[in-house]
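First listed ligand is number 1; within each ligand, the first listed atom is number 1. Just so it is clear, the values below take in all heavy atoms, side chains as well, and ignore hydrogens, waters and symmetry mates. Keep in mind it's a predicted model, so treat the numbers as computed, not measured.
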Amino acid sequence: MTAYERSRIILRFADLLEQHTDEIAALETWDNGKPYEQAANTEIPMTVRLFRYYAGWADKIHGLTVPADGPYHVQTLHEPIGVAGQIIPWNFPMLMFSWKVGPALACGNTVVIKTAEQTPLSAVYAAKLFHEAGLPEGVLNVVSGFGPTAGAALASHMEVDKLAFTGSTDTGKIVLELASKSNLKPVTLELGGKSAFIVCEDADVDQAVELSHSAVFFNQGQCCCAGSRTFVHEHVYNEFVEKARARAMNRSVGDPFKVGIEQGPQVDSDQFEKILRCIRSGVESGAILETGGDRFGSNGYYIQPTVFSNVQDDMSIAKEEIFGPVQSILKFKDLDEVIKRANNSRYGLAAGIFTHNLDTANTLSRALKVGTVWINCYDVFDAAVPFGGYKMSGNGREKGIYSLNNYLQVKAVVTALKNPSWL
Ligand SMILES: NC(=O)c1ccc[n+]([C@@H]2O[C@H](COP(=O)([O-])OP(=O)(O)OC[C@H]3O[C@@H](n4cnc5c(N)ncnc54)[C@H](O)[C@@H]3O)[C@@H](O)[C@H]2O)c1
Ligand SMILES: CC1=C(/C=C/C(C)=C/C=C/C(C)=C/C=O)C(C)(C)CCC1
């Protein structure tokens, strides 16, 4: 099919998705437990926007004419890579579906996508809408299944030409190995993080408190880029801790279908238990529990919004990904120190910087070894902006123009010219 037809199908799909926002958002909340309002007002609109963004790319993908030495006409063809295998997690089922499927289809590939076992519903519904939008059968294949069986089969399949994975660093290592042991398919990985949120002494403390709160508590803390190490300058530390505690105590937790609820339950009992273990380890290692620290209520996988202060770099709550509603506040004295400490992590996904000083912002944004730096903002996820990790947070970039390369092969075509006198 022509690139223009591909583009129109993706646009029609985006319209259908928008029309069915209520149903898809409800599926997300049933599966994941996230607040319905969050899914309906933020995540589904972002998903729609991302598909429209990539629909715009479909007919603008082309190669180059290359000036080579000698009597040759050289061009590059940007061809689809073939069958794209994709494995996604449960924290943002529809949004992760879009980051994977949008660029793959725009570039003319076919897709086999495996959803997370906890959250299979919305992608199946979306596949039905793609069919309605006119996508031919067999182009987009949604597989529900478990990781070690369905996921591993995809990663090691000899006829899957590319693998894109989002999930934990441990599983990322497994799929990379499976890909290398089978057909050496290229792999992009979007893995875990322990992102630093740095509040400098000149920051607007109230704004920093609010954004550091959403940076860690958004989506029940289940974000790969959660700002899970809040570094605060010693001059504003006491004020910040007091206000962060008050904000967490104010967070509305409860039935995710209710209006005004900010925090629903964790995705499942494994995550719920793991987070409570992390909280216990924080208490045992000597961090000060400012608020929270236990389950919320006696039913369901709800956890109290939890804030620790006096957190030290060697505590496991400052090193390991918790993936829950737990804020860890650390004190720092100067820039060189916070740069070293923020970079002292095996992860390198994102960072937030809060300052009005241009020099401080420039220094920190260049010194931090992370894939995204947000300055006086956090969690801005525009479809056009690349996202991905340094170090063990992964490799490759998704979104924006960068993701197109993940789904294209470059073929160099060199033609001998018959009449060199015209060169
Ligand atoms: N980076 C992220 O966005 C993200 C998302 C979810 C979880 N996590 C992290 O991972 C931790 C564990 O969560 P999880 O167990 O659901 O993550 P996971 O990495 O095990 O799961 C992610 C995806 O990989 C699949 N998978 C699992 N084992 C596989 C295998 N052997 N081969 C191929 N595919 C496989 C899963 O079925 C799922 O679709 C969380 O606590 C959190 O720290 C990170
Ligand atoms: C709505 C909203 C926000 C949006 C957050 C988003 C959209 C986060 C997306 C995270 C993703 C995609 C993580 C991947 O692991 C903020 C900034 C928290 C502020 C409060 C309101």
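- Atom 8 (N) of ligand 1 is flagged as protein-proximal [any protein heavy atom, distance under 4.0 Å].
- Looking at Val175 against ligand 1, only its side chain comes within 4.0 Å, counting heavy atoms.
- Among Cys225, Gly147, Ser168, Cys224, the residue whose heavy atom lies nearest to atom 10 (O) of ligand 1 is Ser168.
- If you check each of Phe218, Phe217, Trp99 against atom 2 (C) of ligand 2, the one with the closest non-hydrogen atom is Phe218.
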For the pair Glu43 and Lys34, evaluate salt bridge (charged side-chain N to carboxylate O under 4.0 Å, His left out) and give the outcome as yes or no after the intermediate values. CA-CA 11 Å; Glu43 293 179 30; Lys34 64 177 69 218; 2.9 Å; yes
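- Contact atoms of ligand 2 toward Met46: 7 (C) (distance under 4.0 Å to a heavy atom of the residue).
- The option with the heavy atom closest to atom 39 (O) of ligand 1, from among Ile275, Thr119, Ile88, Leu189, is Ile88.
- Within a 4.0 Å radius of atom 18 (C) of ligand 2, the protein has at least one heavy atom.
- Between the choices Glu321, Gln271, Lys194, the shortest heavy-atom distance to atom 40 (C) of ligand 1 belongs to Gln271.
- Contacts between Gln222 and ligand 1, counted as non-hydrogen atom pairs separated by less than 4.0 Å, are absent for every part of the residue.
- Of all the heavy atoms of Leu191, the ones lying under 4.0 Å from any atom of ligand 1 belong exclusively to the backbone.
- Taking only nitrogen or oxygen atoms, main chain and side chain alike, Cys224 reaches within less than 3.5 Å of ligand 2.
- Contact annotation: the side chain of Phe308 never approaches that of Ile288 to less than 4.5 Å [non-hydrogen atoms, C-beta and beyond].
- Trp374 and Phe381 have perpendicular rings, their planes meeting at more than 60° on a 0 to 90° scale where under 30° would count as parallel.
- Inspection of the Gln327 and Thr230 side chains reveals an N or O donor paired with an N or O acceptor under 3.5 Å.
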Between Arg245 and Glu242, does a salt bridge (charged side-chain N to carboxylate O under 4.0 Å, His left out) hold up when you go through it step by step? CA-CA 5 Å; Arg245 179 167 72 115; Glu242 192 44 48; 3.0 Å; yes
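- Taking every heavy atom of both residues into account, Ala318 and Leu330 meet most closely at CB-CD2, 4.4 Å.
- In terms of protein heavy atoms, atom 20 (O) of ligand 1 is closest to Thr171 OG1, 3.1 Å.
- Taking only nitrogen or oxygen atoms, main chain and side chain alike, Thr166 does not reach within less than 3.5 Å of ligand 1.
- Ligand 1 does not have Met96 within reach: every non-hydrogen atom of the residue lies 4.0 Å or more from it.
- In this structure a side-chain-to-backbone donor-acceptor pair under 3.5 Å is present from Arg295 to Gly300.
- One side chain, Gln38 or Asn219, offers a donor N or O that lies under 3.5 Å from an acceptor on the other.
- By the criterion of a heavy-atom distance under 4.0 Å, the side chain of Phe165, and not its backbone, is placed next to ligand 1.
- Looking only at heavy atoms of the protein, atom 12 (C) of ligand 2 is closest to Leu95 CD2, 3.7 Å.
- Judged purely by atom type and a 3.5 angstrom limit, Asn376 uses its side chain to pair as donor or acceptor with the backbone of Thr355.
- For ligand 2 and Thr42, the ligand atoms under 4.0 Å from any heavy atom of the residue are 1 (C), 7 (C).
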